[in-house]
Amino acid sequence: MTDCLFCRIAAGEIPAEVILENESVMAFHDLNPAAPQHALVIPRRHIATLDDAAEDDRALLGELMLAGAEVARLLGCAEKGYRAVMNCNQDGGQSVYHIHLHVLGGRSLSWPPG
Ligand code: AMP
Ligand code: ZN
């Protein structure tokens, strides 16, 4: 999708600080970090929201989670702890409609979120 910000990042049309990438997923630093470590993990393929994910996306969603864990290790926050979360639609606080796993770490995170 040419009008999707994260599709354009995945295609290399918009620069990002890439942490890891393979043929199906990509991780990069969030432009506006909400924690000392804040990365986003996206599938290269466009899926607008978690609510749009289907049975065919099962493996891809698993890859996203495992890539999130790898990102946390690479950022050095795996042992102390981190949060991996996906916002969905308006009440979930989603602002970019291409699914992305937030990986947040480097400080103690409160729960429940606001
Ligand atoms: P969400 O609100 O869950 O949809 O998260 C979208 C995230 O994308 C926010 O944390 C933004 O800071 C981040 N973001 C927006 N534009 C960019 C960009 N060009 N590069 C990296 N992160 C971005
Ligand atoms: Zn997209």
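Both ligands and their constituent atoms are indexed starting at 1 by order of listing. Along the sequence shown, residues are numbered consecutively beginning with 1. Predicted model only: the values in this text are computed from it and were never measured.
Minimum heavy-atom separation, R45 to L60: NH2-CD2, 3.5 Å.
Residues I99 and P43 form a side-chain contact, since some pair of their non-hydrogen atoms from C-beta on lies under 4.5 Å apart. Put simply, the side chain of I42 reaches to within 4.5 Å of the side chain of H98, judged on heavy atoms. At least one side-chain heavy atom of V71 sits under 4.5 Å from a side-chain heavy atom of V41. Side-chain contact between Q37 and Y82 is absent, with no heavy-atom pair separated by less than 4.5 Å. In this structure the side chain of M26 reaches within 4.5 angstrom of the side chain of I9, judged on heavy atoms. Looking at D57 and I47, their side chains come closer than 4.5 Å, going by heavy atoms from C-beta outward. Contact of the M86 side chain with the L64 side chain is registered, since non-hydrogen atoms from C-beta on lie closer than 4.5 Å.
Closest to atom 16 (N) of ligand 1 among all protein heavy atoms lies L5 CD2, 3.4 Å. Protein heavy atom at the shortest distance from atom 1 (P) of ligand 1 is H100 NE2, 3.1 Å. The nearest protein atom to atom 22 (N) of ligand 1, hydrogens excluded, is given as L31 N, 3.1 Å; this is a heavy-atom distance.
With a heavy-atom cut-off of 4.0 Å, I14 does not touch ligand 1 at all. Using a 4.0 Å cut-off between heavy atoms, N87 contacts ligand 1 through its side chain alone, with no backbone atom that close.
Residue contact check: N32 has heavy atoms under 4.0 Å from atoms 12 (O) of ligand 1. Within ligand 1, counting atoms from 1 as listed, the ones closer than 4.0 Å to a heavy atom of V96 are 4 (O), 6 (C). The contact set between ligand 1 and G93, taken as ligand atoms under 4.0 Å from a residue heavy atom, comprises 1 (P), 2 (O), 3 (O). Listed by number with element, the atoms of ligand 1 under 4.0 angstrom from any heavy atom of F6 are 8 (O).
Closest to the Zn ion (ligand 2) among the N, O or S atoms of H46 is ND1. The Zn ion (ligand 2) lies closest to atom ND1 when only the N/O/S atoms of H98 are considered.
The distance criterion of under 3.5 Å between nitrogen or oxygen atoms is met by S95 with respect to ligand 1.
For the pair H29 and ligand 1, a heavy-atom separation below 4.0 Å is found. In this structure, F28 has a heavy atom closer than 4.0 Å to ligand 1. The closest approach between any non-hydrogen atom of M86 and ligand 1 is not below 4.0 Å.
Judged purely by distance below 3.5 Å, without hydrogens or angles, the side chains of H38 and H102 pair a donor atom with an acceptor atom.
Atoms CZ and CZ, on R107 and R83 in that order, are 8.5 Å from each other to the nearest 0.5 Å.
Summarising the contacts of atom 9 (C) of ligand 1 with D30, I99, V85, the nearest heavy atom is found in D30.
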